[in-house]
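All figures in this text were calculated on a predicted structure; none of them were measured in a lab.
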Amino acid sequence: QVQLVESGGGLVQPGGSLRLSCAASGSIFGLRVMGWFRQAPGKEREFVAASRWSGGITDYADSVKGRFTMSKDNAKNTQYLQMNSLKPEDTAVYYCAIAPPGSTWSRSNAYDYWGQGAQVTVSS
């Protein structure tokens with residue numbers, strides 16, 4: 001069983017930065033996929049970024065490429081999503097999630113464990 005606990009959301013002005021954290025407990029295997037998704041009011045959940053839990057190649061949605069960065073702290077079993085140059089259209093509830101090895105990273109239905117979500121609001 002895996003549990004994911006998110007933190008770090010909040011209100012930030014356009015152009016600002018936030019870092020989301022996703023602390024995992026339970027059995028995390030290196031080949032599992034760690035993903036970030038977001039859902040704005042009235043919209044479907046969309047892919048933001050993903051990587052293998054153990055690291056390596058990271059895939060980003062075009063809308064966040066160059067502004068968002070995934071990283072991890074192995075000692076804390078925690079993944080991070082650093083979000084820079086935030087825009088009002090980045091406003092959403094952000095979720096971290098875990099998928100089995102070999103999953104299609106951008107498909108939300110591939111993920112079987114989800115965090116509780118963190119609200120990110122970008123507004124002046």
Side-chain angles (χ1 to χ4, degrees):
Q1 189 75 9
V2 175
Q3 289 188 323
L4 303 175
V5 178
E6 296 182 53
S7 60
L11 172 65
V12 64
Q13 292 186 342
S17 298
L18 280 175
R19 189 178 75 163
L20 300 180
S21 301
C22 181
S25 61
S27 299
I28 306 291
F29 298 105
L31 293 180
R32 274 189 167 270
V33 177
M34 175 71 190
W36 290 92
F37 289 78
R38 66 186 182 186
Q39 189 165 18
K43 294 188 177 181
E44 293 187 353
R45 191 166 296 188
E46 65 172 353
F47 171 75
V48 174
S51 178
R52 287 195 182 90
W53 183 268
S54 58
I57 295 172
T58 304
D59 188 25
Y60 296 96
D62 288 343
S63 58
V64 306
K65 203 169 291 185
R67 300 188 297 122
F68 290 13
T69 304
M70 285 185 67
S71 64
K72 63 187 178 71
D73 184 332
N74 290 329
K76 296 182 179 180
N77 225 19
T78 298
Q79 297 263 358
Y80 303 99
L81 183 68
Q82 178 67 43
M83 304 182 293
N84 297 330
S85 301
L86 283 162
K87 305 174 182 179
E89 51 264 43
D90 294 319
T91 296
V93 177
Y94 284 70
Y95 299 89
C96 61
I98 295 286
S103 301
T104 300
W105 292 9
S106 61
R107 294 182 60 178
S108 61
N109 60 8
Y111 292 76
D112 45 8
Y113 296 101
W114 291 83
Q116 82 279 12
Q119 177 69 48
V120 172
T121 303
V122 185
S123 175
S124 55

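Clustering ILVMFWY residues whenever any of their side-chain heavy atoms sit less than 4.5 angstrom apart, transitively, puts Trp36 in the very cluster that holds Tyr60. Cluster membership check: Leu81 shares its hydrophobic cluster with Val2, using side-chain heavy-atom separations under 4.5 Å among Ile, Leu, Val, Met, Phe, Trp and Tyr. Residues Tyr113 and Met70 share a hydrophobic cluster, clusters being chains of Ile/Leu/Val/Met/Phe/Trp/Tyr side chains in contact below 4.5 Å.
Applying the salt bridge (charged side-chain N to carboxylate O under 4.0 Å, His left out) rule to pairs touching residues 56-65 yields Asp62-Lys65, sequence neighbours excluded. A salt bridge (charged side-chain N to carboxylate O under 4.0 Å, His left out) check over residues 99-122, counting only residues at least two apart or in different chains, returns the pairs Arg32-Asp112.
Here the OG atom belonging to Ser51 is positioned 6.5 Å from the CD atom belonging to Gln79, to the nearest 0.5 angstrom. Here Tyr111 contributes atom OH and Asn109 contributes atom CG; the two are 10.5 Å apart, rounded to the nearest 0.5 Å. Rounded to the nearest 0.5 Å, atoms CG (Asn77) and CH2 (Trp53) are 5.0 Å apart. Glu46 CD to Ser63 OG: the interatomic distance, rounded to the nearest 0.5 Å, is 5.5 Å.
The two residues Gly9 and Val120 have their closest heavy-atom pair at CA-CG2, 4.3 Å. When every heavy atom of Glu6 is checked against every heavy atom of Ala118, the shortest pair comes out as OE1-N, 3.7 Å.
For Ser85, there are no side chain to side chain donor-acceptor pair (under 3.5 Å) partners two or more places apart in sequence or in a different chain. Taking the ring pair (Phe, Tyr, Trp, His ring centres under 6.0 Å) definition, one finds that Phe47 meets it with Phe37, sequence neighbours left out. For the side chain to side chain donor-acceptor pair (under 3.5 Å) test, no residue two or more places apart in sequence or in another chain qualifies with Gln116.
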For residues 93-105, please give each side-chain donor-acceptor pair under 3.5 Å, one per line with the distance, not counting sequence neighbours.
| unit_1 | atom_1 | unit_2 | atom_2 | d |
| --- | --- | --- | --- | --- |
| Tyr94 | OH | Arg38 | NH1 | 2.9 |
| Tyr94 | OH | Asp90 | O | 2.6 |
| Ser103 | OG | Pro100 | O | 2.6 |

Can you give me every donor-acceptor pair (side chain of residues 10-20, partner residue at least two apart or in another chain, under 3.5 Å) with its distance?
| unit_1 | atom_1 | unit_2 | atom_2 | d |
| --- | --- | --- | --- | --- |
| Ser17 | OG | Asn84 | OD1 | 2.9 |

side-chain contact (heavy atoms from CB on, under 4.5 Å) assessment of Gln119 paired with Thr91 = CA-CA 8 Å; Gln119 177 69 48; Thr91 296; 4.1 Å; yes
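More than 12 heavy atoms of other residues, nucleotides or ligands sit less than 6.0 Å from atom CD of Glu89.
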